[in-house]
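These numbers come from a predicted model, not from an experiment. Indexing begins at 1, ligand by ligand and atom by atom, following the structure's order.
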Amino acid sequence: MSAESDSPGALFGAKLALSRAIGAASRRSGRGGGTTLPGRVLLRMEPEAIAALGSRLERGTTIVSATNGKTTTTGMIAAILAADGRRPVHNRAGSNMTWGVATALLEQDGEEGLFEVDEAWLPRVAEQLQPATIVLGNLFRDQLDRYGEMEALADDWARTVAARAGRTGFVLNADDPLIADLGRDPEGERREGVFYFGIEDDSQALPELQHAFDAKHCRRCGHPYAYRRAFVGHLGHYSCPNCGAERPRPEVAATAIELRGMDGSRTRVRIPSGEIELELPLPGLYNVYNALAAVAAGLRLGVAPERIAAALGEMRAAFGRVETIEVGGVPVSILLIKNPAGANEVLRTLLLESREGEGGIDLWIALNDRIADGRDVSWVWDADFELLAGRVRRVVCAGTRAPEMALRLKYAGWPEEEIEVVAEIGGSLDAAVSAADGRLFALPTYTALLELRKLLADRGLAEEFWR
Ligand SMILES: [Zn+2]
C-alpha cells in the first residue's frame, strides 16, 4: 500500500479505491457479480491503469486471443496453473475488452496474469500489459459483414508481434497460415521465443475443403496457399507454391487423435521432452487445438508435462460452450454456433453422435440476427449442414431468423416434414423437448444462447451467468 500513499501514487490509489467502491455498490444493488463497471470507471479516470496495475504482476502475464476457442483455451491454461498451485489474476469469460481486463486487475490479487483478450483489442492490451507470453490460436472470418477485417487484424497482430519480439514469448498455431507467419521475421526466419503447436494426424484430415474454407493468401507474396490437408476450416498443412513459405514444424503436435463424440477425445501429443497422452472431456477437433495451445503455454510457463495432462483430463465444459441441462426430463446439450468454421465442428461432432438408420438425432437450432450475432446471417449458407442430412429425426428452428434457418436445412437435403419453425425461444424449446426421443442438441447463436440461459434460469434450471 505504500506505493499508493504518496503523490502521485496517492491520487492513483484514490481512483482505485473509488472504482472498487463503485463495483461493490453496484453488486449490492443486485446487478450481479458479472459487472465490468469498476474497470470502465477506472479507465475513464485513468486510461493507463492497465499498464500501472499490470506492472505489479511479478511473474508476468499471459494473453490469449483467437476468433474461436479463446475462452476455452484460457480456461484450460487457468486449470493448468491451478494444478501447479498458481492462481493468476484472470478475467471472466467474455469480459475480454480493456474494461474486463481492468476489472480483473482491480478486484483480484495475484503474482501473475492470465487474460483472454478480444482480437481487435489485443494490440492495445499487449502494449499496456507487456505480456511475457502471447498465445494466438486462429483467425476465422466471424461473419460475412466483417469480411476483410480478418486480414486487417492479422496485419495489426503482425505489428504487435514485431514490436514485442525478443521481449515476449509467442505460442502460435502452425496450422493457421495467418498466425504461423507472425512468428517469422521479414527474412522468413523464425523469431526468438516462438513456440508452435499443430495437428499431425492425417487420419483427421477433411475429405475435402469445407464450405467455410476461404482461400488464404500467402502473407509474403500474395499467392494462394496450396493445401495438402485441412483439419478445421483453413487450419491444416499448407505451403506457398510461389515463394515456398511453409507451415513451420510445431514443438507441440497431436500425432494420434481418437474422437469420441460428445465424450471428448484421446490424443497423443509430441512435446520437446517426449510424449504425453491427453484425455480431453471436451468434444471435437477444435478442442484438441485449444488443448494444444494450452499445453504449449503450460510448458512455456514452467508446468510439468504430467501435471498439464492431469489438469486437462479433469476439465469440465464449464464455459458455456458445451453443457447439458435437464429440461422436462430430457437432457439438452447446448453447443454454441456463431460462424461457419465453428458450426462445422459442431456438425462434425454431432455426426459422431448419430448413426445411420438409427432414427436420427433431435435438434433445436436458434438463429438470431441481433447486433452481437452479426446482422448478416448468410453465414449459415457457408456451414456444412449437408453433413447431417439423413441423420436427423426432428429439428425445431427458433430465433429471429427461424424461417431462413429452415430454408437452409431444406437446401441441405433435410426432409421438409422433419423441420418445424417456432420462432419464440421458450415455445420452440418446449416443442423440441416434447418431441425429442432421448437427448436434444440445442444449437443457438450467441444472443440466442443468452436468451436460452435466461429462460432456463427463470425456470430455475440453470444460473443465468456462467463463468
Ligand atoms: Zn508466398
Side-chain angles (χ1 to χ4, degrees), residues 65-69 119-120 122-123 126 134-142 144 146-166 168-202 204-255 270 285-286 289 292-293 296 339-341 344 382:
S65 196
T67 312
N68 288 338
E119 305 93 280
L122 175 81
I134 297 181
V135 181
L136 301 177
N138 53 65
L139 275 174
F140 281 103
R141 190 156 56 99
D142 224 0
L144 286 187
R146 292 177 68 183
Y147 191 60
E149 282 185 24
M150 188 179 65
E151 283 74 14
L153 272 178
D155 290 344
D156 289 345
W157 286 14
R159 278 188 284 277
T160 294
V161 173
R164 298 215 51 80
T168 289
F170 293 92
V171 173
L172 305 178
N173 189 342
D175 294 352
D176 186 334
L178 294 178
I179 302 294
D181 193 63
L182 302 177
R184 301 189 187 105
D185 67 16
E187 280 71 51
E189 298 298 320
R190 190 189 283 214
R191 293 184 190 278
E192 192 190 324
V194 169
F195 208 56
Y196 285 110
F197 64 91
I199 288 179
E200 299 198 336
D201 177 350
D202 294 353
Q204 297 299 332
L206 297 163
E208 54 191 316
L209 297 179
Q210 294 169 301
H211 275 139
F213 184 90
D214 43 328
K216 293 287 166 289
H217 292 81
C218 177
R219 286 181 52 83
R220 317 247 124 209
C221 73
H223 198 278
Y225 285 113
Y227 273 76
R228 272 173 289 132
R229 54 191 71 85
F231 298 111
V232 173
H234 67 271
L235 309 184
H237 296 178
Y238 54 86
S239 60
C240 173
N242 185 46
C243 73
E246 278 198 316
R247 167 187 182 265
R249 184 173 193 272
E251 282 75 26
V252 171
T255 54
R270 184 184 74 225
L285 212 47
Y286 53 115
Y289 270 118
L292 292 172
N339 54 32
N344 280 347
D382 287 330

**Request:** First locate atom CG of Leu178, then atom OG1 of Thr67, and finally report the distance between them rounded to the nearest 0.5 Å.
**Result:** 9.5 Å

**Asked** Is it true that a side-chain atom of Asn138 and a backbone atom of Asp176 form a donor plus acceptor pair closer than 3.5 Å?
**Response** no

**Message:** At less than 2.8 Å, would any N/O/S atom of His223, backbone or side chain, sit next to the Zn ion (ligand 1)?
**Reply:** no

**Request:** Identify which one of Thr160, Val161, Leu182, Val135 satisfies the side-chain contact (heavy atoms from CB on, under 4.5 Å) criterion when paired with Phe170.
**Result:** Val161

**Request:** Taking the Zn ion (ligand 1) as the vertex, measure the angle between atom SG in Cys221 and atom SG in Cys240; round to 10°.
**Result:** 100°

**Prompt:** Which value, rounded to 10°, describes the SG(Cys243)-the Zn ion (ligand 1)-SG(Cys218) angle?
**Reply:** 100°

**Request:** Before accepting this row, confirm whether a basic side-chain N of the pair Arg228/Glu246 lies closer than 4.0 Å to the acidic partner's carboxylate O.
**Result:** no

